[in-house]
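For the numbers below, each heavy atom of this structure counts, side chains included, while hydrogens, waters and symmetry mates do not.
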Amino acid sequence: HGFCLLNNVAIGAAYARYKYKAKVAIVDFDVHHGNGTEQIIRSLQPHSNHFSHTILGACSVSVTNTTYKPWLNTKDHENVMFVSVHGYGTNSDVEPNNVPTAVDAFYPGTGRTSWTQEKRDDSFLNVGMNKGNNTRGKWKYVVQNQILPQLAAFQPDIMFISAGFDGHACEDINRGYLGLLEEDYYWVTTQLCKIANSYGGGRVVSCLEGGYNISGGATSVFGRSVAAHVRALQMAHTVKWNPGAEKATIAAQQAIIKALNAKAQEKALLAQKKDEEAAGTEGDSGRSKRARQPVDYVALFEKMQKEEKEAKRKKREAEKTD
């Protein structure tokens with residue numbers, strides 16, 4: 001399912017579960033959905049297959065076969081949690097909420113957020129991030145408000161990180177998804193270490209996943225991202241998760257977002273009022289003008305963003321043709 005023949009994170013998690021009977025959390029922040037890891041973990045849960053067959057129209061035989069691939073026992077699925085935050089959508093710059101087709105899906109085309117919401121399965125938390133404005137801010141908000149609280153509620157004995165850095169803003173392979181910076185990797189690593197310090201004695205195992213912009217060696221985008229991640233692993237080994245402080249942080253963030261939205265709306269209304277006043281002044285001067293329509297500045301900004309993305313796409317295609 002994934003790019004790997006042997007899934008390092010899953011092997012490590014299986015060993016921790018089998019050898020130490022540990023409660024294991026796997027967190028994947030690679031820009032691509034960790035579908036291979038998820039498939040392995042889903043196979044931990046026993047599921048039954050029913051077969052019925054009628055012999056010569058007289059005798060009916062029913063067989064029930066229970067299959068699963070345990071690491072320790074039938075309780076594995078209750079003691080393993082998988083979290084993946086990743087890009088989800090299409091490769092082209094279309095409406096971000098469109099469900100991708102197999103042809104145009106951003107690889108691997110799985111991990112839609114609503115899967116988790118529909119199934120209400122506490123063992124899996126998929127957050128598929130669409131393209132759009134301020135994806136970096138939305139990513140951080142999702143991690144802060146959804147992922148970290150659920151990880152803390154799970155209280156893992158050990159945490160495995162699938163540390164992929166291909167969601168960086170300067171990586172071409174992510175097709176414009178996530179758009180993270182080095183400080184975002186430092187921040188999320190610090191937050192994960194807080195949870196590990198609180199419930200698992202600081203036990204964190206980080207495995208390198210994606211990251212392909214290596215131009216410049218140690219000073220490359222990849223090198224700087226890895227350095228930020230490792231620095232956070234070293235520096236955040238004593239701080240613990242504080243639910244009260246985190247709730248206060250979330251409340252403060254929501255208040256800021258609300259204030260910014262209100263300010264943007266106020267600014268748009270003032271601009272609209274000025275346009276209307278200007279239109280009225282021109283009308284009084286006796287000049288024949290068409291009545292001006294109210295300007296939707298939010299829609300205008302989004303239109304400008306789409307035009308800019310389309311121009312970039314055409315430029316990339318032209319470069320490929322050359």
CZ-CE distance between R136 and M129, expressed to the nearest 0.5 angstrom: 12.5 Å
Over 12 foreign heavy atoms within 6.0 Å of CD1, I11: yes
Geometric class of the W139/W187 ring pair [parallel <30°, tilted 30-60°, perpendicular >60°]: perpendicular
side-chain contact (heavy atoms from CB on, under 4.5 Å) between H168 and Y185, intermediate numbers included: CA-CA 9 Å; H168 195 284; Y185 294 119; 4.2 Å; yes
4.5 Å side-chain heavy-atom contact, Y68 and D76: no
Reported CG-to-NZ distance for the pair L178 and K140, which is rounded to 0.5 angstrom: 14.5 Å
Shared hydrophobic cluster, V188 / L181 (ILVMFWY, side-chain heavy atoms < 4.5 Å): no
Cluster overlap F154 with W241, hydrophobic side-chain contacts below 4.5 Å: yes
Residue pair W71, Y15: steps toward the side-chain contact (heavy atoms from CB on, under 4.5 Å) verdict: CA-CA 8 Å; W71 293 344; Y15 183 81; over 6 Å; no
S84 (side chain) donor-acceptor with N126 (main chain) under 3.5 angstrom: no
Result of checking R231, H229, K194 against T189 for side chain to side chain contact (heavy atoms under 4.5 Å, CB included): H229
same_hphob_cluster(L208, V230) at 4.5 Å side-chain heavy-atom cutoff: yes
Heavy-atom side-chain proximity of F165 to E171 below 4.5 angstrom: no
Test side-chain contact (heavy atoms from CB on, under 4.5 Å) applied to R175 and T90, step by step: CA-CA 9 Å; R175 300 278 186 162; T90 60; over 6 Å; no
Student check: side-chain heavy atoms of N7 and I40 closer than 4.5 Å: yes
Heavy-atom closest pair, residues T190 and A232: OG1-CB, 3.7 Å
Value rounded to 0.5 Å, distance of OG in S206 from CZ in F160: 11.0 Å
Heavy-atom check, side chain of V31 versus side chain of L180, under 4.5 Å: no
Stepwise side-chain contact (heavy atoms from CB on, under 4.5 Å) test for V83 and Q150: CA-CA 10 Å; V83 176; Q150 290 204 38; over 6 Å; no
Spacing of CD belonging to E183 relative to OG belonging to S225, to within rounding of 0.5 Å: 9.5 Å
Close side-chain approach of D166 to Y212, heavy-atom, < 4.5 Å: yes
Between E209 and H32: side-chain donor-acceptor atoms closer than 3.5 Å: no
Salt bridge (Lys or Arg N to Asp or Glu O under 4.0 Å) between E317 and R313, worked out: CA-CA 6 Å; E317 290 179 352; R313 185 186 65 79; 2.5 Å; yes
Joint cluster assignment, V221 & F29, ILVMFWY side-chain distance < 4.5 Å: no
Q191 side chain reached by V143 side chain, heavy atoms, under 4.5 Å: no
N/O donor-acceptor pair under 3.5 Å between R224 side chain and T219 backbone: yes
Point-to-point distance, once rounded to the nearest 0.5 Å, from CZ of F124 to CZ of R42: 4.0 Å
Separation between CG of L44 and NZ of K69, rounded to the nearest 0.5 Å: 10.0 Å
